[in-house]
Trainee: 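Please find one structure pasted underneath; my questions will follow.
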2 protein chains.
Amino acid sequence: MFNNKNIDDIIQIFKENNLKLTLQRVNIYSYLRSTCEHPTVDTIYKNIKKIIPTISLATVYKTLNTLVDYGLIKMINVCEENFRYDANIDLHGHIKCTNCNKVEDLYLDTNLINSLSIENYDVQNFDLFLYGTCKSCSRELTTV
Amino acid sequence: MFNNKNIDDIIQIFKENNLKLTLQRVNIYSYLRSTCEHPTVDTIYKNIKKIIPTISLATVYKTLNTLVDYGLIKMINVCEENFRYDANIDLHGHIKCTNCNKVEDLYLDTNLINSLSIENYDVQNFDLFLYGTCKSCSRELTTV
DNA sequence: TTCCGTGCAAACAATTTGCAGAATT
DNA sequence: AATTCTGCAAATTGTTTGCACGGAA
């Protein structure tokens, strides 16, 4: 089920943060680290339920909030009702295909990031979300 | 109460979009056009209530959704539970002071906007939110 | 043994919906 | 006169909370 390297990393990270190692937490965090789909709470819940059928939605919420508080994951909102979660905490943006709704990571070059600094503000963080149509959707849309 | 130029513009815009001219709508849209505070639904509701005490929250929601659907206003989410609304639909970003929570408009130079185009995607829109501390808050925070 | 996390159910908050009456065209 | 909007209340959805029990340290 688990890749050992990955699980060792997670144990290490939890210990550093004085977070108790529970099956629920490890699975949620591990799942988030393994996916690049930027899942919503609902998707996370459904996936973890396959492994831990007794898990409750409240636990998923509590765990996600804890992981956000400890800076281990990030919440993103790409023009949607719901938030999505991302275990990739490197400075990066996101691009959403407005047709198929997938959200991909977007690495920005350092110059661009630097040029985001603004007069009058001490900028600590940013969210950059691009919206458009991905290649396969464009193809599909023009063919029809 | 109303600036005539402004109200004339709004009447014109509503007519172009076949939107019925109602007191509620005109006031909500006019209020959004007059403010640069990026208010939440609740703030909008409270402010419009001063002018139309009988207005209901449901009407505020319905009106905002209509205006969004017609592309007259935009919803933004700057890492908050609630959405904020902006009647400025020019391509621009936002910067939020994480201390006083104010949200300001951020005009980006064209080069920067152009450099946001991405391989594999036909980019149509973007959200850029910067987070940091504004000058007056920085001063306040270092003085204490 | 202490403390924290989990799971349940209830509570809460934000938003949407259905519908009758009112206002706009 | 036809259509659309408003305002109320109820419904829905997403999220949080309180608490007793269970598991991790």
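Each chain gets a letter, A, B and so on, in the order the sequences are listed, and its residues count up from 1. Keep in mind the model is a prediction, meaning the values are calculated, not measured.
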Trainee: Figure out the CG/C1' separation between Asn18(A) and dC4(C), and round it to whole Å.
Mentor: 12 Å
Trainee: Just by modelled atom types, is the Leu112(B) backbone N or O under 3.5 Å from a matching donor or acceptor in the Ser115(B) side chain?
Mentor: yes
Trainee: So if I take the C1' atoms of five pairs at each end of the helix from dT1(C)-dA25(D) to dT25(C)-dA1(D) and get each local axis, what angle do the two axes make, rounded to 10 degrees?
Mentor: 40°
Trainee: Can you check the Leu19(A) CG to dG23(D) P distance for me, whole Å?
Mentor: 20 Å
Trainee: When the distance from CG of Asn17(B) to C1' of dC5(D) is rounded to whole Å, what number comes out?
Mentor: 16 Å
Trainee: What is the separation between atom OH on Tyr45(B) and atom P on dA13(C), rounded to the nearest whole Å?
Mentor: 16 Å
Trainee: When the distance from NZ of Lys15(B) to P of dT25(C) is rounded to whole Å, what number comes out?
Mentor: 8 Å
Trainee: Relative to each other, are the rings of Phe129(B) and Phe129(A) parallel, tilted or perpendicular (30° and 60° limits)?
Mentor: perpendicular
Trainee: Is the shortest side-chain N to carboxylate O distance from Glu80(A) to Lys96(A) below 4.0 Å?
Mentor: yes
Trainee: Do Asp127(B) and His94(B) have side-chain N/O donor and acceptor atoms under 3.5 Å apart?
Mentor: no
Trainee: Start with the C-alpha gap between Tyr45(B) and Ile55(B), add the side-chain angles, then the distance that decides, and say whether side-chain contact (heavy atoms from CB on, under 4.5 Å) holds.
Mentor: CA-CA 8 Å; Tyr45(B) 178 56; Ile55(B) 199 170; 4.1 Å; yes
Trainee: Would you mind reading off the distance between Leu64(A) atom CG and dG5(C) atom P, rounded to a whole angstrom?
Mentor: 14 Å
Trainee: Going 5' to 3' along nucleotides 7-17 of chain D, which nucleotides have protein heavy atoms under 4.0 Å from the base (write B), which only from the sugar-phosphate (write S), and which from neither (write -)?
Mentor: BBB----SSBB
Trainee: Which whole-number value in Å describes the distance from Glu80(B) CD to dA13(C) P?
Mentor: 18 Å
Trainee: side-chain contact (heavy atoms from CB on, under 4.5 Å) between Ile113(A) and Leu91(A): does it pass, once the steps are laid out?
Mentor: CA-CA 9 Å; Ile113(A) 292 179; Leu91(A) 212 53; 4.0 Å; yes
Trainee: Nearest nucleotide by nearest heavy atom, which residue falls closer to the 5' end of DNA chain D, Lys20(B) or Thr63(B)?
Mentor: Lys20(B)
Trainee: Going by atom types only, do Tyr31(A) and Asn47(A) share a side-chain donor-acceptor pair under 3.5 Å?
Mentor: yes
Trainee: Begin with the C-alpha distance, continue with both residues' side-chain angles, and end with the deciding distance and a verdict on side chain to side chain donor-acceptor pair (under 3.5 Å) for Thr43(B) and Glu37(B).
Mentor: CA-CA 10 Å; Thr43(B) 306; Glu37(B) 286 185 12; over 6 Å; no
Trainee: Any side-chain N or O of Thr22(B) below 4.0 angstrom from OP1/OP2 of dT6(D)?
Mentor: yes
Trainee: List for me each residue that meets ring-ring contact (aromatic ring centres under 6.0 Å, His included) alongside Phe14(B), sequence neighbours excluded, and say none if there are none.
Mentor: Tyr29(B)
Trainee: Round to the nearest Å and state the distance from Leu67(B) atom CG to dT4(D) atom P.
Mentor: 17 Å
